[in-house]
Amino acid sequence: MIDHTENDNPFYDTFIEEERAILQSHFSNADKNIFAIITPKQVDRGALMSRYSRTDKTMRRVFLDEFIRNPNRGKEFYDRVLLEYGDDSVAELGEAQIAIEWISNIAAKKLEDRRIGLSYLEKSSRYVALDQKIRGKYKYYREDLIMSSKFSDKYIQACDHAFDLYSKNISSMLKYLEELGPIEKFYFFDSITKRDVSYRNLKDSKDIESANRIYRLTIKAKSLDILRGILPASTLTNIGITGNGRAFEYLLSRMFSSGLIELRNLANHLHGELDKIIPSFVSRANDEKYGKVLQEYFINTRNAIIKLSESHLKNIQPNRNPETIHLLEFPDNFEAEVKVAAAILYEFAKGQSLESIIKYVRSLKNNERINIIRMYTKFRSNRRHRPGRAFEMVDYTFELLTNFGMFRDLHRHRLVTIERQLLSTKHGYDIPQEIVDLGISNEFKDCMYECNEVYEILSNRMPEQAQYVVNLAFRYPYFLKINLREACHMIELRTLPQGHADYRSVCQRLFKYIEEKNPILAEGIKFVDLNTYELERFTTEKKTEKKKQEKI
């Protein structure tokens, strides 16, 4: 057998020694058909990718012919394509990773509304206690309009009260949970017997130390989960964003047009930092020709819809006792099964149209149609084996009323369409049972009452800014539109044992709705967990600790 090397291929580029020396600093190799672009300038990387689609040359040859001789080639390319031709898609070829620190939960959720092209990581409220002051101040946002108004003292007093209550009860909540579920009640891995044993039966000092660490982390996460509802939405957080230039440019346009000073200020700072690393990709975000016009469009549209909403909805009374979850729209069961089964078969059809396949599937016997659907998920052995795109053929619309803390978790899902109202105190709040059992329910209610009073004062004058004083425990109305494939992912992920009890309960109910309306399709959601757990993080912390020990 003859062993052909890549350089034997007549279509591969060949480079002289001088060219290879140049390419080594800009590409991961100079002789293979798969290579990474490592040239240091972000703008050159993007321009190369875009230029690549408009030439018969290989990328490395384009770089040698067009970029080495002109150090400004990438910038000139983007100036022409973006500014002159308006080809937005090429802006996706520049990427950046940005950290945004000390912003409110209100601003964080507005940033995270922009899900396409951007990936977010946010500081967790279940692992990081927010009880420490910096230079005598708790970590919450002091909004400019509120602070310049005559209500600033009331705002500070309400937020401080919430943080005081949160902070002083962390240790007592930890102690209460330890009494409720003492460490002796749980089982841990024993390195001697190679199995789980009760804490009292652990003999090895390292195993005992490991068990104590697992227990402490689990109890801490549970405590902070319970208490987080006390915190106001002004609570500061940190966000990391990875994304492409096009998505950042759109995000900036939305931020510049926001009614919140915080977001407009953030937009200025974010634009300044992006301008240092991907300037050509975000150059239009605030210019007169493109950026300002887009911002004006957003502002005019929002103002017009606000007026229309006030006019059309003024005679509709708010729901006083709305359901926590309401299934508004769902597919007819037979038609849903037909659509999904037809889409499953379509991928391997030999020229038949979707219309003809749907007609055929409608004619099948029930057991034949069901067999097609079941076979599609038969070989899923864990939740990461996600169903294929045929499950995107059916959609569900749910209206939810959950506490704002829980909304923040469902809000992270990129492929869910979520529309929401302004955060308010109009729908009451949730009190965790542990708050009642600890004996601080009256203090909790007093805190909610004070924040509600300040909200009522502020909302009449500045409704957007009034959101900052609303506690995470207050209920929040929103609707989500979700297809079956994403519902499968969200439900299976959010019902895992380590998840927050609030969103696990909600996602269990979402599953029950889908199962009721479309039982055969719901069978594909194979890894939904319908159990309840005493300490949500316990099993996960055990697995994490075991992996650490195995590496030592």
Side-chain angles (χ1 to χ4, degrees), residues 5-7 9-99 116-119 241-253 256 267-294:
T5 65
E6 289 180 332
N7 286 332
N9 191 317
F11 302 109
Y12 283 14
D13 250 331
T14 56
F15 304 104
I16 62 175
E17 202 60 38
E18 181 184 356
E19 290 174 329
R20 292 172 65 86
I22 294 171
L23 293 173
Q24 284 178 356
S25 300
H26 302 277
F27 301 90
S28 59
N29 69 71
D31 54 7
K32 298 178 182 179
N33 70 319
I34 297 177
F35 51 88
I37 310 167
I38 60 173
T39 189
K41 287 185 180 180
Q42 179 81 255
V43 70
D44 286 348
R45 295 185 196 182
L48 267 171
M49 292 287 286
S50 186
R51 179 75 181 91
Y52 198 34
S53 66
R54 291 171 170 83
T55 178
D56 192 42
K57 297 178 183 179
T58 64
M59 182 179 289
R60 286 172 295 205
R61 180 56 61 191
V62 169
F63 183 76
L64 290 169
D65 290 350
E66 302 180 19
F67 284 74
I68 284 297
R69 296 185 181 89
N70 180 4
N72 294 317
R73 178 71 176 88
K75 183 179 185 304
E76 291 170 357
F77 175 86
Y78 274 101
D79 286 346
R80 185 176 74 255
V81 174
L82 276 174
L83 298 179
E84 294 180 21
Y85 301 136
D87 188 352
D88 291 349
S89 62
V90 300
E92 295 181 10
L93 301 176
E95 293 187 335
Q97 289 183 303
I98 293 289
I116 305 302
L118 299 169
S119 295
I241 310 177
T242 299
N244 65 59
R246 183 181 191 177
F248 271 120
E249 185 178 69
Y250 187 74
L251 172 64
L252 285 167
S253 296
F256 277 125
N268 280 316
H269 293 303
L270 177 58
H271 188 243
E273 296 308 308
L274 289 170
D275 197 48
K276 295 175 183 177
I277 50 176
I278 53 171
S280 296
F281 302 91
V282 295
S283 60
R284 303 178 304 170
N286 203 27
D287 68 9
E288 295 294 335
K289 182 179 178 181
Y290 175 86
K292 300 290 187 184
V293 172
L294 184 58

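The structure displayed is predicted, hence computed values, not measured ones.
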My understanding is that only residues two or more places apart in sequence, or in another chain, count here; which of them pass salt bridge (Lys or Arg N to Asp or Glu O under 4.0 Å) with [X]?
{"X": "Lys41", "answer": "none"}
{"X": "Lys57", "answer": "Asp65"}
{"X": "Arg60", "answer": "none"}
{"X": "Glu66", "answer": "Arg51, Arg73"}

Partners passing side chain to side chain donor-acceptor pair (under 3.5 Å) against [X] (at least two apart in sequence or in another chain):
{"X": "His271", "value": "none"}
{"X": "Asn244", "value": "none"}
{"X": "Gln97", "value": "Thr242"}
{"X": "Asn72", "value": "none"}

Item to check | Donor-acceptor pair between Thr58 and Asp13 side chains, under 3.5 angstrom | outcome: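 There is such a pair between these side chains.
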Item to check | Heavy-atom donor-acceptor pair, Gln42 side chain to Glu95 backbone, under 3.5 Å | outcome: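 Yes; at least one donor-acceptor contact below 3.5 Å.
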Item to check | Side-chain donor/acceptor of Asn29 to backbone N/O of Ile34, under 3.5 Å | outcome: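 Confirmed, Asn29 side chain pairs with Ile34 backbone.
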Checklist outcome for this item: Residue set satisfying side chain to side chain contact (heavy atoms under 4.5 Å, CB included) with Ala36, at least two apart, ordered chain then number -> Ser28, Ile38
Checklist entry - Going by the ring pair (Phe, Tyr, Trp, His ring centres under 6.0 Å) test, which pairs reach into residues 27-47, not counting sequence neighbours? => result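 For residues 27-47, and leaving out neighbouring residues, the ring pair (Phe, Tyr, Trp, His ring centres under 6.0 Å) pairs sorted by first residue read Phe27-Phe35, Phe27-Phe63.
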Next on the checklist: Salt bridge check, Arg61 against Glu19: does any charged N sit closer than 4.0 Å to a carboxylate O?
Outcome noted: yes
